[in-house]
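Notes follow once the structure below has been shown.
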Amino acid sequence: MTAPQDETVLDIRNVTKTFGPVTALKDMTLSVKKGRVHTLIGENGAGKSTLMKILAGVHPQTSGEITFKGEPYRPKSPREARLSGLTIVFQELSLCRHMTVAENIFATHEPNRFGFIDDAELVRKAEELIEELGLPIKARAKVSQLSIARRQLVEIAKGLSYPADLVILDEPTSSLSESEAEILFSLIGRLKEKGVTVIYISHRMEEIMRLSDDITVIRDGELVGTMTREETSIDKLIAMMVGREMHDIYPPRVAPKPGPEVEPVLRVDGLNGGHLFHDVTFDARPGEVLGFFGLVGSGRSDVMNALFGVKRPEGGEIFLDGKKIRPRSPDDAIRQGIAFLTENRKEEGLVLAHTVERNINMVSLGEVSNAFGFARRSAERRAAEDEVARLTIKTDTIDTPAANLSGGNQQKIVLAKWLRIKPRILILDEPTRGVDVGAKFEIYRIIRQLAADGAAILMVSSDLPEVLGLSDRLVIMHDKKVANILDGEGLTPETVMTYAAGMQS
Amino acid sequence: MKSFVSKFTSAPAVREYGGIVASLIVLCVVFSVLSPRFLVFYNLLNIVQQVSVVAVLAFGMTYVILLGEIDLSVGSILAVAGMVAAQCFAIGLGFWPTLGLTLLSGAIMGAFNGVLAAYLLLPSFIVTVATMGIFRGLVSLPTGGLPAPINNDAWLAIGAENWLGLPIIIWIVLALFAFNFVLLAKTVFGRRAYLAGGNKEAAVYSGIRVKRIKVIIFTISGVMAAVGGILLSSRLGSAQTNAGLGYELDAIAAAVLGGTSLAGGVGTMVGTLLGALIIGIINNGMSLLSVPYFYQLIVKGLVILLAVWIDVRSKTNRG
Amino acid sequence: MKSFVSKFTSAPAVREYGGIVASLIVLCVVFSVLSPRFLVFYNLLNIVQQVSVVAVLAFGMTYVILLGEIDLSVGSILAVAGMVAAQCFAIGLGFWPTLGLTLLSGAIMGAFNGVLAAYLLLPSFIVTVATMGIFRGLVSLPTGGLPAPINNDAWLAIGAENWLGLPIIIWIVLALFAFNFVLLAKTVFGRRAYLAGGNKEAAVYSGIRVKRIKVIIFTISGVMAAVGGILLSSRLGSAQTNAGLGYELDAIAAAVLGGTSLAGGVGTMVGTLLGALIIGIINNGMSLLSVPYFYQLIVKGLVILLAVWIDVRSKTNRG
Amino acid sequence: SASAEGIGASLLTQQHPFYIALADAMRAEAQAEGVPLEIKIANQDLNKQFADVEDFITKGVDVLVISPVDSTGVRTVIGRAQKAGIKVITVDVPAKNVDVTSYVGTDNYAGGVKAGELMAKMIGDKGKVAIIDYPMVASVVARTDGFKKAMESHPDIEIVAQQAGITRSEALTTAQNILQAHPDLDGIFGFGDDAALAAASAVASAGLEGQVKVIGFDGMKEARDAVASNPVMVGVIAQYPDEMGKVAVETAVKVMNGEEVAAEQPIEPGVVTKDGETK
Ligand SMILES: Nc1ncnc2c1ncn2[C@@H]1O[C@H](COP(=O)(O)OP(=O)(O)OP(=O)(O)O)[C@@H](O)[C@H]1O
Ligand SMILES: Nc1ncnc2c1ncn2[C@@H]1O[C@H](COP(=O)(O)OP(=O)(O)OP(=O)(O)O)[C@@H](O)[C@H]1O
Ligand SMILES: [Mg+2]
Ligand SMILES: [Mg+2]
């Protein structure tokens with residue numbers, strides 16, 4: 001059924017990659033066997049994506065040899081890599097927003113005759129592929145209208161639309177909830193059956209243990225070791241990754257959970273967002289972590305956007321400390337003490353071309369300037385350095401452009417910028433997207449600490465273990481409505497999933 | 001009735017061009033009321049002919065803007081192309097060789113822009129501001145700044161004669177419109193241009209050869225500018241060294257009025273044609289009404305503002 | 001020695017401006033060798049004075065481009081401001097009221113652009129192409145297109161007299177440079193402008209009032225253009241209706257040569273000043289060398305290409 | 001002065017045949033006289049003209065020949081040149097509010113009057129005429145003023161349109177639109193050769209050859225040829241840039257040699273019709 005177990009399809013020998021003074025990969029050696037799922041894990045900035053980009057022809061390696069299907073391999077462009085039979089789903093989404101799903105999927109191999117595109121055929125093929133993959137997206141939808149999760153699905157469809165011998169998936173599930181991830185897992189299973197090799201990158205330990213045949217751990221650009229799944233365990237992997245033992249990744253509570261007697265700081269009553277969400281009612285108490293769970297497209301992000309004044313709700317009321325508020329803009333919401341880490345860090349979170357320091361101080365410029373509006377250089381730098389240390393952001397210096405950081409470290413910058421303003425209500429939409437286990441623990445600890453200091457935390461996440469591990473109470477959304485609000489203690493994944501899937505009301 | 005209207009206004013074409021078509025109609029109505037001579041067949045032909053050069057430049061500009069770039073040198077390329085034609089005739093070449101060399105000169109100048117922008121990574125604004133000057137200097141070299149007369153009858157016929165009842169110029173504009181429309185909307189090349197303009201990085205990562213596309217697109221823009229030079233020189237019967245001065249702004253304005261986004265990734269040939277027509281109609285209408293020159297400048301500006309405003313509003317209202 | 005050089009070339013200032021400073025030095029050396037009159041104190045003052053108007057416009061343009069926008073109307077605003085001054089003097093106002101009204105006129109025109117771009121969501125290219133025409137029409141209304149003389153002695157002194165051994169114009173340019181440098185590089189407002197230009201959406205989500213910033217920035221650009229109008233009208237002793245025609249391109253070119261990115265988010269006042277100096281030096285040097293007019297156009301274009309190429313290369317080589 | 005840098009000339013434009021002919025004549029005369037001459041082009045931008053003159057001052061020329069972009073505006077820089085010991089001669093366009101050594105130029109107002117009289121004669125003293133003008137240039141304004149002044153003495157002629165048409169292609173569009181708006185037009189006066197030639201082609205393509213007469217101004221070769229061969233083009237007011245350039249340089253040489261020169265040296269425009277040229 002599968003190919004012989006020991007046939008090596010990809011052989012990476014002593015590959016080193018430097019970006020100016022930064023060494024992203026050091027003497028990396030790795031061999032991938034045909035027809036197997038080979039997972040790479042490592043902390044944020046370990047060099048996983050860099051290695052994949054070398055394979056995909058985005059960057060050339062500084063030194064070292066690669067052999068692919070028995071031939072020396074050094075692609076000069078992504079095009080060449082694709083033509084050699086390698087396809088990649090990039091970690092950072094790379095779709096054209098103005099174009100439709102179908103056009104994006106077939107960006108480089110549109111059905112055509114003498115160069116003329118057959119649009120009907122294009123849509124048909126895209127629908128066929130979407131259908132085959134079982135994805136909840138419409139072929140004719142414009143990408144700009146899709147949520148991040150759906151865009152990730154499009155990205156996957158695009159990557160899998162080429163016939164390839166080697167498929168690279170760089171954190172494909174980072175913003176997917178379990179049910180969508182399930183679709184991907186079965187796809188990977190089918191690829192394996194066809195003898196296709198998969199390189200898989202993820203920070204989610206459970207899925208890694210489920211999917212992988214072989215696992216390679218990378219730390220600081222260097223190989224730590226490769227083993228088969230059978231030889232290892234989550235705890236062992238984490239220890240290899242972060243260099244120390246970690247037992248519980250959900251840190252203990254610092255303060256007791258606020259009971260129902262505590263006056264809510266935020267009350268949302270019958271909020272209505274047109275076709276985006278209806279009749280959303282919940283409240284949040286100071287000191288509480290209020291989780292939001294739902295399937296992709298259940299309306300969670302749109303509710304948060306409304307609270308933050310991005311899109312004005314069509315009906316319903318929002319109360320802050322019992323006083324009615326109508327946030328007109330993010331600026332307005334921020335002044336009321338609301339902070340919002342969005343799910344789309346690249347478009348809504350970061351100024352990629354600007355330095356780490358500028359990004360961290362983006363919201364809190366008032367704090368690092370004097371009364372006359374002049375920026376205080378030393379205060380700016382100190383603030384940035386503090387955050388880099390606190391969140392263990394891996395960066396060369398604080399003057400490095402955010403674009404040069406790894407995905408997980410970029411996510412930490414966005415979190416850092418909101419932590420600077422000490423919000424009363426902190427909305428987190430997929431806060432640990434692409435963040436490694438060690439850093440997740442750190443972020444969870446900070447969330448707990450903020451709550452203990454009296455903030456209310458609204459945490460939207462598609463990572464069910466995370467939601468269950470952290471929430472004091474849990475709002476479950478289904479089909480643009482609140483399906484139920486449950487106490488966080490003692491919840492099972494099964495209960496939550498039944499509500500989220502709308503099977504119980 | 002109501003359902004018909006709502007069906008009509010929700011059709012994709014209306015959604016896309018509703019605003020600009022509305023502006024166009026408003027303009028036509030206003031000018032027809034103010035001047036009985038506006039809505040006369042002969043005058044409508046006039047408008048199309050008068051706007052033909054800008055329209056052709058704007059076709060080329062549409063690709064360039066779509067790619068998130070800009071080409072300020074088209075006015076100068078146009079002038080050089082006219083001068084190339086005049087010099088070809090002066091040394092005794094016939095119609096077809098002259099036509100070929102003229103178009104080739106446009107292609108070379110456009111490709112020069114494209115190579116500098118794509119392979120030397122220079123910003124296209126600076127490249128084309130520089131070549132705008134360089135080409136404008138070149139055009140004056142053969143005659144020392146004097147206009148060069150063109151006496152080839154076939155050439156002059158382009159700008160003066162009719163074919164099947166319509167001026168040849170109009171046929172040329174229509175043919176180029178059809179060509180560019182198909183190239184942009186229906187071919188693989190066009191699709192790649194949209195992708196490269198919408199998200200350059202994504203296009204590169206997907207294996208699209210963005211640099212090549214950039215060179216091709218600047219070359220197309222150069223060729224279109226050369227066609228503009230052919231039309232203008234045949235209309236005027238001579239190659240002027242200051243031909244096409246400032247036309248780049250009209251061409252860009254036509255494309256942007258027609259909905260092409262300077263950020264790249266968005267735009268259509270239909271929109272550009274409509275944008276060019278708006279500019280032509282404003283100029284012609286005010287001229288028919290004998291609006292004094294300075295007031296023409298003011299009114300033209302205000303009408304352009306109004307037209308984009310209607311367009312932007314009609315787009316944002318629908319979400 | 002070697003370590004000194006490598007230390008020097010890795011300093012942030014060199015990394016940022018090395019390319020353009022290199023171009024500047026090359027140009028100066030070439031012109032000094034070719035013309036003994038180039039590196040003369042009086043001539044250097046000449047260069048700064050000649051480039052002063054473009055430099056001042058370019059200061060304003062830097063903010064605009066930084067925001068990812070463009071302002072094509074600065075040349076026309078400059079002309080209107082000059083005419084406002086001439087008319088103020090004509091009705092008998094004194095120096096200070098005239099100065100105030102002139103600057104105010106620039107601020108109003110700039111704010112008009114800004115409001116249309118920010119609140120009506122019209123693309124700034126189209127807005128300022130339109131207002132370029134509108135303002136150019138307005139400037140001609142008081143005199144019917146003819147220039148208006150200015151006879152106020154204090155006003156004329158700005159363009160003609162010295163202070164502490166340097167022409168007043170140069171002091172003004174230096175003062176404006178210092179002001180804009182500080183505003184952009186050292187204040188919260190400047191930080192916000194960079195952020196808004198670097199990623200508008202992220203800026204909005206971070207509570208930055210991008211629309212307000214846009215209006216302020218277009219207003220600054222308008223005021224800078226008005227200052228340009230003051231300098232020019234005082235230098236020329238009259239308000240010309242075609243004053244500043246085409247200066248917008250020089251101003252944009254100066255900013256872009258100085259490293260400001262038309263995509264927004266990147267740029268500095270120091271770079272813009274250097275860019276303006278390059279343009280001034282090219283013009284002055286060729287004029288001293290008696291290069292014939294058409295060749296000047298060509299050489300200027302080539303030199304600009306060379307200068308950006310050196311700059312781009314020096315930037316990509318380091319990473 | 002003794003530095004013998006010769007003559008510096010700052011001309012309005014290089015985009016116009018008149019100025020090209022003027023520049024050529026100046027060069028030829030300078031060569032004949034054996035004096036250095038350098039010509040700079042202001043491109044109709046007073047600021048550029050200022051910069052050019054400043055560069056001449058830096059170089060230390062003996063005589064400045066200038067065709068001002070703006071008659072009044074140019075006075076300060078002329079003053080600056082004179083303060084530096086440079087003698088100034090204006091050519092084609094006079095300078096106001098400042099005394100120069102000499103002015104050599106066409107009387108544009110008189111030319112405009114001549115054009116008006118010629119138009120009246122050609123269309124039989126009655127009918128509708130239009131003007132294509134360039135309202136930002138003082139010398140052109142003088143021409144159209146002269147033309148309109150002449151029309152005052154012909155009450156049966158009505159000026160139905162006056163519109164700008166600066167380049168040849170703009171003038172073509174303007175002429176087409178004027179003809180569209182006034183199909184019963186009898187004559188068009190173009191402020192320059194380009195405007196007139198463009199008007200003539202517009203008349204031809206509108207099929208109004210028998211009806212509309214066109215008169216131009218400048219009288220460069222292309223326009224003279226058109227007067228000879230094209231029935232629509234009935235006349236052109238001729239300027240004599242070659243003579244103007246020659247006189248200007250001659251005057252400059254005299255000034256350098258310390259000779260006296262006349263303060264005004266007007267060059268009377270001529271009238272070219274199908275019957276020949278009258279001065
Ligand atoms: N273009 C670049 N310029 C400079 N440094 C870079 C560049 N790209 C990556 N790096 C650096 O290389 C290192 C490895 O980054 P990489 O993206 O490979 O990490 P990763 O393992 O994929 O992390 P994550 O889990 O966060 O995605 C990081 O320190 C990063 O800052
Ligand atoms: N069926 C759909 N088709 C197209 N776009 C949709 C659909 N449902 C939602 N969207 C768009 O996707 C964006 C985010 O959706 P929403 O907030 O509903 O998702 P969510 O519950 O946050 O889930 P996730 O963020 O995990 O995708 C919104 O802008 C919304 O308009
Ligand atoms: Mg990565
Ligand atoms: Mg979401």
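Quick note on labels: first sequence line is chain A, next is B, and so on, each numbered from 1.
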Problem - Distance, nearest 0.5 Å, that separates CG of B/Leu121 from CZ of C/Arg313 - result: 11.5 Å
Completion exercise
To the nearest 0.5 Å, atom CZ of C/Phe125 lies from atom CG of B/Leu249 at 5.5 Å
Exercise for the section: Tell me, out of C/Val127, C/Leu138, C/Leu141, who's got the most heavy-atom pairs with chain B below 4.5 Å. Expected result: C/Leu141
Handout entry: When C/Leu116, C/Val256, C/Asp250, C/Leu122 are compared by non-hydrogen pairs under 4.5 Å with chain B, the top option
Key = C/Leu122
Fill in the blank from the handout: Highest number of heavy-atom pairs under 4.5 Å with chain C among B/Ala130, B/Ala253, B/Gly68 belongs to B/Ala130
Fill in the blank from the handout: Under 4.5 Å to a heavy atom of chain B? For C/Leu262 that would be side chain
Practice task
Using a 4.5 Å cut-off on heavy atoms from C-beta on, say whether the side chain of C/Leu257 contacts that of B/Ile126.
Solution key: yes
Completion exercise
Among residues 285-310 of chain B, residues within the sub-4.5 Å heavy-atom range of chain C, in order of number, are B/Phe294, B/Tyr295, B/Leu297, B/Ile298, B/Gly301, B/Leu302, B/Ile304, B/Leu305, B/Val308, B/Trp309
